[in-house]
2 protein chains.
Amino acid sequence: MARAGLNSERVVLAGAELADEVGFDQVTISALARHFDVKVASLYSHVQSSHDLSTRIALLALDELADLGAAALAGRSGKDALSALGNVYRDYARQHPGRYAAAQLRLDPETAAASAGVRHAQMTRAILRGYDLTEPEQTHAVRLVGSVFRGYVDLEMGGGFDHSAPDSQESWLRVLEALDALLRNWPVT
Amino acid sequence: MARAGLNSERVVLAGAELADEVGFDQVTISALARHFDVKVASLYSHVQSSHDLSTRIALLALDELADLGAAALAGRSGKDALSALGNVYRDYARQHPGRYAAAQLRLDPETAAASAGVRHAQMTRAILRGYDLTEPEQTHAVRLVGSVFRGYVDLEMGGGFDHSAPDSQESWLRVLEALDALLRNWPVT
DNA sequence: TCAGACTTCCTACAGTCTTTAGGATTTCAC
DNA sequence: GTGAAATCCTAAAGACTGTAGGAAGTCTGA
């Protein structure tokens with residue numbers, strides 16, 4: 001019997017691709033086994049469990065997102081940087097909905113600490129260096145910016161902005177402008 | 001054999017309670033059958049499918065949230081109203097994490113249109129009547145406010161604000177102040 | 001080259017959940 | 001009370017997870 005030539009990375013990557021096609025919650029070890037034309041039990045040599053598979057896909061997505069973010073931020077500052085990072089998240093969610101969903105998976109603290117999640121926090125903070133904020137206001141602002149990115153993308157992906165007038169792209173640009181203005185005038189009263 | 005006295009509402013309510021205890025994704029028809037000490041097949045008289053159960057729990061949560069929001073908004077305006085509605089979402093998520101998760105479930109368009117989701121959009125729009133905004137800026141602002149509420153609560157629930165200095169409550173208050181200032185100075189440049 | 005040692009993949013099986021079919025029992029309305 | 005409807009059941013099939021233990025490739029070193 002010829003071997004399929006599997007390994008952890010290939011399995012996880014296929015899982016990520018499958019997630020983008022059919023949804024993150026539809027990614028099962030069984031489905032991946034079918035994809036590789038291999039028996040289910042075989043995949044347990046490459047992945048510890050279903051939960052382990054989910055976690056690895058999440059880590060892959062966080063990593064990809066952090067790389068894209070870092071690339072987008074290079075050489076930019078101020079509103080330019082703000083928009084660039086926001087667009088990275090939004091575009092990634094549209095192009096890779098399954099991976100984006102995976103990236104929201106709640107990780108246990110140790111895993112999270114070792115993940116690219118840390119880089120994400122640093123990137124948002126880096127943006128704020130273009131504005132004039134000091135602690136603890138900077139942290140409040142980091143949280144606000146993170147909330148807007150996360151919330152807007154989730155709502156848009158969930159279809160929340162579908163059935164009404166100004167289209168989502170327009171609102172997105174306006175939201176970025178508003179956020180930029182807010183940061184420039186921080187601290188607010 | 002004595003009957004358990006089940007009906008749709010009781011089953012869905014028990015599902016919502018179970019969701020708060022063990023997580024929305026752990027709510028299964030099997031688990032509910034165990035809870036009512038009834039065979040699994042019996043529940044299919046009250047619920048069409050697992051998906052139907054999830055949807056009904058989501059609708060329940062959306063409804064409860066809309067009622068709480070409406071009550072909180074009564075007699076308030078401006079920043080008062082903004083904070084009140086934001087706190088409704090945030091407090092609900094903390095007190096009923098499973099129900100809150102259910103409320104994020106993506107509904108098919110017809111179900112969504114008939115749900116309390118519509119009231120939620122109206123409430124956010126009602127808040128903006130306390131500020132001086134006209135279309136299409138008002139819609140952009142509605143989307144921004146929704147994004148912040150949704151994003152902040154999700155990140156906080158996901159543990160995103162745990163391991164660093166200013167505590168989340170402090171940031172939340174600051175975020176509400178910032179949002180209020182932003183709306184007062186809208187349109188921004 | 002070839003004998004371990006290791007890795008990869010398999011069969012077999014047990015446990016859980018979903019869903020349907022069809023039958024029995026309880027309850028309600030007339 | 002009797003017939004209809006609602007409630008609950010047994011039975012069974014199909015899907016997914018996970019474990020145990022075995023066979024067949026693959027690699028390494030003498």
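No experiment lies behind these values; they were computed from the predicted model shown. Values below: all heavy atoms of this structure, side chains included; hydrogens, waters and symmetry mates excluded. Labels below follow one simple rule: chain letters A, B, ... track the order of the sequence lines, proteins then strands, and each chain is numbered from 1.
- In summary, A:Glu156 and A:Arg94 engage in a salt bridge, as defined by a charged side-chain N under 4.0 Å from a carboxylate O.
- Proximity of B:His46 to the phosphate of D:dC8: a side-chain N or O atom is located under 4.0 Å from OP1 or OP2.
- The distance from atom CD of A:Gln26 to atom P of D:dA15 is 14 Å, rounded to the nearest whole Å.
- In this entry the distance linking CG of B:Leu43 with P of C:dT16 reads 18 Å, nearest Å.
- For the 3.5 Å distance criterion, the side chains of A:Ser171 and B:His140 qualify, holding a donor opposite an acceptor.
- The CG atom of A:Asp52 sits 13 Å away from the C1' atom of D:dT17 (whole-angstrom rounding).
- Taking the ring centroids of B:His96 and B:Phe24, they lie at or beyond the 6.0 Å cut-off.
- Counting only Watson-Crick and G-U wobble pairs whose two key distances fall under 3.5 Å, DNA chain D forms stems of three or more stacked pairs at C:1-30 with D:1-30.
- A cation-pi geometry, defined here as NZ or CZ lying under 6.0 Å from the six-membered ring centre and within 45° of its normal, does not hold between A:Arg90 and A:Tyr152.
- Side-chain rings of A:Phe149 and A:His120 stay apart, their centers remaining 6.0 Å or farther from each other.
- Look at A:Ser42 and you'll find a side-chain N or O under 4.0 angstrom from OP1 or OP2 of C:dC10.
- When the P atom of D:dT7 is taken as reference, atom CZ of B:Arg10 falls 12 Å away, rounded to whole Å.
- Salt-bridge formation is detected for the pair B:Glu135/B:Arg125: a Lys NZ or Arg NE/NH1/NH2 atom is positioned less than 4.0 Å from an Asp or Glu carboxylate oxygen.
- Atom-to-atom distance recorded for A:Arg56:CZ and A:Glu9:CD is 8.0 Å, nearest 0.5 angstrom.
- If you measure from atom CZ of A:Phe36 to atom P of C:dC9, you get 10 Å, rounded to the nearest angstrom.
- Across the protein-nucleic acid pair, A:Leu32 atom CG and D:dT17 atom P stand 9 Å apart, rounded to whole Å.
- Surrounding CG of B:Asp167 are more than 12 heavy atoms belonging to other residues, nucleotides or ligands, all under 6.0 Å away.
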Summarise protein proximity over nucleotides 17-22 of chain C in one line of letters, 5' to 3': B for base, S for sugar-phosphate only, - for none, counting protein heavy atoms closer than 4.0 Å. SBBB--

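- Applying the salt bridge (Lys or Arg N to Asp or Glu O under 4.0 Å) test to residues at least two apart or on different chains, the pairs with a partner in residues 180-189 of chain B are B:Asp180-B:Arg184.
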